[in-house]
Amino acid sequence: MPELPEVETVRRGLVKHVVGRRIERVEVGRLRTVRRTSREALIDGLSGVVITSAGRRGKYLLCELDSGETMMIHLRMSGQVLVSPRGATRPPHTHVVLHLAATATQQPQELWFVDPRTFGEVVVFDSAQASVIVPELARLGIDPIADEFTPEMLFERLHKKRGKLKSVLLDQSVVAGIGNIYADEILHLAKLRPDRVPLQLARATVTRLHGAIVSVLRAAVEAGGSTLRDTQYVDLEGDTGNFQDQHRVYGRAGEQCLTCGVARISQTTVSGRTTCYCRICQR
DNA sequence: AAACAAACCTGTGCGC
DNA sequence: TGCGCACAGGTTTGTT
């Protein structure tokens with residue numbers, strides 16, 4: 001489910017509700033959620049510590065702790081992070097609960113990690129172990145929102161990769177954070193077919209693609225991300241995003257293109273992922 | 001090396 | 001109404 005804009009919205013929720021607070025107690029239900037280490041490692045690593053910051057690299061949430069360690073959360077396909085009053089009824093598939101201590105201005109609360117499909121994870125690690133426990137972090141590419149990201153950087157990286165353009169956009173080692181929804185939306189705005197060959201893109205074309213990446217992702221963050229029909233994605237307060245109303249191709253196969261008004265949106269498969277595009281607008 | 005398929009899970013929506 | 005199948009926002013692993 002969640003791509004960069006959704007994860008960024010969750011990060012902002014963590015900054016608002018969780019940063020600065022002490023974790024009094026930790027519950028771990030499903031062991032699969034903490035499979036990278038263990039239930040004991042998560043409880044030991046989080047009990048009694050204060051969350052001092054909430055960051056993000058691509059689709060990875062990275063919270064610093066006053067113990068010097070880091071908590072990583074990945075939502076994968078169906079993960080949610082929710083904040084609720086202490087003792088509130090938990091939804092099904094609540095696998096981790098962090099009990100947040102009261103502050104001068106805040107009642108005690110609980111932070112829930114909810115994840116029906118159990119692909120998501122929560123893990124605590126220290127910097128000395130990072131390369132062993134979360135090796136993929138070192139391989140992540142540029143974050144197009146959090147990092148300095150220029151058309152030249154994109155040009156260099158695209159020209160090192162083979163395969164179809166959409167596949168390369170989905171490659172987290174090139175640009176971190178783009179998933180299936182935003183890849184399609186970005187390619188539509190950039191007026192590029194998903195099966196273009198990256199090596200054949202001229203600088204001016206890559207500059208246009210760069211602009212589309214930045215503007216689609218920024219607009220989606222501004223709208224609080226995309227919530228689809230199943231309402232799987234919601235923010236920390238349980239609110240849905242609004243960017244789905246601005247989708248121009250994703251999920252619109254067979255419908256008339258909103259940009260040219262001529263073609264119907266085509267559907268194909270790229271890297272095993274459903275892909276929607278306009279055969280007239282995108283070349 | 002690189003491209004693709006399968007795997008990991010559960011829920012939902014659709015056609016019959 | 002009920003059943004079975006296809007498919008879903010991601011990433012890793014194994015296979016051609």
Side-chain angles (χ1 to χ4, degrees), chain A residues 1-11 29-36 56-61 72-81 91-95 113-123 132-141 143 157-187 194-199 216-217 220-221 223-235 240-247 249-254 267-276:
Chain A
M1 155 178 69
E3 307 179 28
L4 185 153
E6 292 75 32
V7 178
E8 174 63 15
T9 303
V10 170
R11 186 194 71 78
R30 269 262 214 170
L31 292 179
R32 185 171 151 73
T33 301
V34 296
R35 59 192 176 278
R36 268 203 217 221
R56 183 189 57 71
R57 296 281 310 159
K59 302 170 193 168
Y60 292 75
L61 286 166
M72 185 276 272
I73 300 175
H74 200 302
L75 305 173
R76 285 299 210 288
M77 294 286 267
S78 63
Q80 298 177 336
V81 179
H93 309 295
T94 302
H95 305 312
F113 182 78
V114 178
D115 186 16
R117 292 177 74 178
T118 71
F119 294 166
E121 339 179 35
V122 183
V123 63
V132 177
I133 297 179
V134 285
E136 71 268 39
L137 290 179
R139 297 193 288 266
L140 282 180
D143 187 293
R157 283 162 184 258
L158 283 184
H159 276 232
K160 285 182 192 159
K161 290 287 175 177
R162 307 303 180 87
K164 297 175 178 177
L165 178 56
K166 177 172 173 179
S167 305
V168 176
L169 287 181
L170 291 173
D171 184 338
Q172 302 300 298
S173 73
V174 178
V175 176
I178 299 171
N180 202 38
I181 295 176
Y182 296 103
D184 280 2
E185 294 300 320
I186 287 163
L187 289 168
D195 59 357
R196 286 292 297 271
V197 176
L199 194 58
V216 166
L217 294 177
V221 169
S226 300
T227 299
L228 305 183
R229 278 184 307 186
D230 59 9
T231 68
Q232 271 289 321
Y233 166 71
V234 290
D235 67 14
T240 63
N242 294 309
F243 193 72
Q244 64 280 3
D245 299 335
Q246 296 179 54
H247 291 176
V249 285
Y250 180 84
R252 297 194 67 251
Q267 179 172 318
T268 182
T269 299
V270 176
S271 311
R273 314 297 299 278
T274 297
T275 298
C276 299

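We use all heavy atoms of the structure for the numbers below, so side chains are in, but hydrogens, waters and symmetry mates are not. Sequence lines set the chain letters: A, B, ... in the order given, protein chains first and strands last, and positions in each chain run from 1.
- An OP1 or OP2 oxygen of C/dT11 is reached within less than 4.0 angstrom by a side-chain nitrogen or oxygen of A/Q172.
- Atom NE2 in A/H95 sits about 13 Å away from atom C1' in B/dC8, given to the nearest Å.
- Comparing the P positions of C/dC7 and B/dA5 gives a spacing of 13 Å, expressed to the nearest Å.
- Distance A/R35 CZ to C/dG10 C1': 11 Å, rounded to the nearest Å.
- By the 30° and 60° cut-offs, the orientation of the rings of A/Y182 relative to A/H247 is perpendicular.
- A 3.5 Å limit on both hydrogen-bonding distances identifies no Watson-Crick or G-U partner for B/dA1.
- Contact annotation: A/T274 side-chain N/O to C/dA8 OP1/OP2 distance is under 4.0 Å.
- At whole-Å resolution of the value, CZ in A/R76 and P in B/dC8 are 15 Å apart.
- Rounding to whole angstrom units, CZ of residue A/R229 and P of C/dA6 are separated by 18 Å.
- Note: CZ (A/F119) to P (B/dA7) measures 12 Å, nearest angstrom.
- The shortest distance between the side-chain N/O atoms of A/H93 and the OP1/OP2 oxygens of B/dC9 is not below 4.0 Å.
- The A/R162 side chain lies nearest to B/dA3 when the options are B/dA3, C/dT12, C/dG10.
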> Does the ring pair (Phe, Tyr, Trp, His ring centres under 6.0 Å) test come out yes or no for A/H95 and A/F113, once each step is laid out?
Replying inline: CA-CA 6 Å; A/H95 305 312; A/F113 182 78; 7.1 Å; no

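- Across every strand in view, B/dT12 sits in a pair with C/dA6 that passes the Watson-Crick or G-U test at under 3.5 angstrom.
- Nucleotides of DNA chain C nearest to A/T227 and A/R139 differ in position, and the one nearer the 5' end is that of A/T227.
- A/L75 CG to A/E3 CD: the interatomic distance, rounded to the nearest 0.5 Å, is 12.0 Å.
- Nearer to the 5' terminus of DNA chain B, by closest-nucleotide assignment, is the contact made by A/S271 (compared with the other of A/T118 and A/S271).
- One donor-acceptor pair, N or O on each side, does fall under 3.5 Å between the base of C/dA8 and the side chain of A/R117.
- Between A/L170 atom CG and C/dT11 atom C1' the separation is 11 Å, expressed in whole Å.
- A salt bridge does not link A/R76 to A/E6: none of the charged nitrogens lies less than 4.0 Å from a carboxylate oxygen.
- Under 4.0 Å is where a charged nitrogen must lie from a carboxylate oxygen, and between A/K161 and A/D171 at least one such pair does.
- Side-chain proximity of A/P116 to C/dA8, B/dG11, C/dG10: nearest is B/dG11.
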> Do A/R11 and A/V221 pass the side chain to side chain contact (heavy atoms under 4.5 Å, CB included) test, and can you show the C-alpha distance, the side-chain angles, and the key distance before you say yes or no?
Replying inline: CA-CA 11 Å; A/R11 186 194 71 78; A/V221 169; over 6 Å; no

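- The separation of C/dG4 from B/dC9, taken at their P atoms, amounts to 22 Å, rounded to a whole angstrom.
- As a whole-Å value, the separation of A/L169 CG from C/dT11 P is 14 Å.
- The residue A/G272 sits apart from the nucleic acid: no heavy atom pair falls under 4.0 Å.
- The nearest whole Å value for the distance from the OH atom in A/Y250 to the C1' atom in C/dG10 is 12 Å.
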